[in-house]
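Below, chains carry the letters A, B, ... as their sequence lines are ordered, and counting in each starts from 1.
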Amino acid sequence: GNSVTQMEGPVTLSEEAFLTINCTYTATGYPSLFWYVQYPGEGLQLLLKATKADDKGSNKGFEATYRKETTSFHLEKGSVQVSDSAVYFCALSEAAGNKLTFGGGTRVLVKP
Amino acid sequence: GAVVSQHPSWVICKSGTSVKIECRSLDFQATTMFWYRQFPKQSLMLMATSNEGSKATYEQGVEKDKFLINHASLTLSTLTVTSAHPEDSSFYICSAAGGMDGDTQYFGPGTRLTVL
């Protein structure tokens, strides 16, 4: 079956630090990959996605590259802000309308 | 675009009553909607998948008679928690997928249910 593994948190950083959240996956086919962000008390917001190998998703300074050879989709941001404090979920979907397989989530806390 | 709303955002009810939560896709037609449950500091647990006009598909361990799901139109799905008990207290989140961006799920803001 499909699975997504992401690094456990919490990750605590200072403002303007570099952020990396590792995500690896196992899938039988060629999934689409996603990063979602959840702010306290809210639902999930799509942060970025990539649908095929070597695609790079980017949004709000965050980036992630679909690496088929290492089955990874690591999330990076060069300079975090306090407002980036949230829980980040890596996920995959094998086809349109199919259910998402989520990682466990990584809590990020950015201190001023 | 791709906005999903949920109503209510929070609800408190007495044990034994039923609660209905609505999920709407505001600017696209959702051929598939999903309902999740999330416990504090945990990932999302998929409860069921629903396609417009057909019966929902429930995940293993989810009681379909307790969590009634209706997807009557391409923009609306409802989750009814019947005879709610304190253990049903949770954060319920819906998502919707459809259209040209059909592989992407867009999530609602969630509904916090507290059963007294």
Side-chain angles (χ1 to χ4, degrees), chain A residues 1-11 21 23 25 27 29-52 55 57 59 64 66 73 85-109, chain B residues 1-7 9-10 21 23-25 28-52 54 56-60 62 71 74 90-112:
Chain A
N2 298 337
S3 68
V4 176
T5 303
Q6 59 183 107
M7 57 191 290
E8 289 190 25
V11 174
I21 304 176
C23 171
Y25 68 90
Y30 300 94
S32 294
L33 302 175
F34 306 84
W35 277 101
Y36 286 89
V37 58
Q38 185 178 32
Y39 298 100
E42 299 183 11
L44 274 65
Q45 297 179 24
L46 177 66
L47 185 57
L48 52 84
K49 63 181 271 192
T51 58
K52 62 182 187 297
D55 267 1
N59 185 27
Y66 190 144
F73 192 54
S85 298
V87 179
Y88 294 82
F89 291 96
C90 184
L92 70 82
S93 174
E94 290 232 68
N98 267 21
K99 55 187 176 183
L100 286 169
T101 300
F102 282 98
T106 302
R107 186 174 301 276
V108 173
L109 176 61
Chain B
V3 179
V4 177
S5 70
Q6 270 183 254
H7 179 80
S9 56
W10 60 269
I21 302 170
C23 176
R24 293 181 185 272
S25 56
F28 68 103
Q29 293 188 326
T31 49
T32 308
M33 285 185 164
F34 304 83
W35 286 95
Y36 296 84
R37 185 172 178 178
Q38 187 179 34
F39 293 101
K41 298 188 178 182
Q42 293 188 24
S43 190
L44 280 71
M45 182 190 78
L46 179 66
M47 299 174 67
T49 303
S50 72
N51 293 294
E52 184 263 341
S54 60
T57 301
Y58 290 81
E59 295 298 300
Q60 192 171 9
V62 178
H71 191 166
L74 284 172
S90 192
F91 194 51
Y92 292 88
I93 308 176
C94 73
S95 70
M100 295 181 64
D101 195 14
D103 67 342
T104 301
Q105 290 184 32
Y106 294 93
F107 286 79
T111 297
R112 182 157 305 283

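In terms of non-hydrogen atom pairs under 4.5 Å with chain B, the most contact-rich of A:Glu42, A:Glu94, A:Lys99, A:Gln45 is A:Lys99. When each of B:Ala97, B:Gly110, B:Pro109 is scored by its heavy-atom pairs under 4.5 Å with chain A, the top score falls to B:Pro109. With chain B as partner, the option from A:Ala91, A:Gly104, A:Pro31, A:Gly103 having the largest number of non-hydrogen pairs under 4.5 angstrom is A:Gly104. In terms of heavy-atom pairs under 4.5 angstrom with chain A, the leader among B:Thr32, B:Leu46, B:Thr31, B:Leu44 is B:Leu44.
Of the atoms belonging to B:Ser43, heavy atoms from both backbone and side chain fall under 4.5 Å from chain A. With a 4.5 angstrom heavy-atom cutoff, B:Thr104 touches chain A via backbone and side-chain atoms both. At a 4.5 Å heavy-atom cutoff, the contact between B:Gln42 and chain A is made by backbone atoms alone. Heavy atoms of A:Leu46 lying under 4.5 Å from chain B belong exclusively to its side chain.
Atom OH of A:Tyr39 has more than 12 heavy atoms from other residues, nucleotides or ligands within 6.0 Å. Other residues, nucleotides and ligands place more than 12 heavy atoms under 6.0 Å from the CD atom of B:Glu59.
Here the closest non-hydrogen pair linking B:Asp103 and A:Phe34 is O-CZ, 3.0 Å. Taking each heavy atom of A:Tyr36 and B:Gln105 in turn, the nearest pair found is OH-O, 2.6 Å.
Counting only heavy atoms from C-beta outward, the side chains of B:Tyr36 and A:Leu44 never approach each other to under 4.5 Å.
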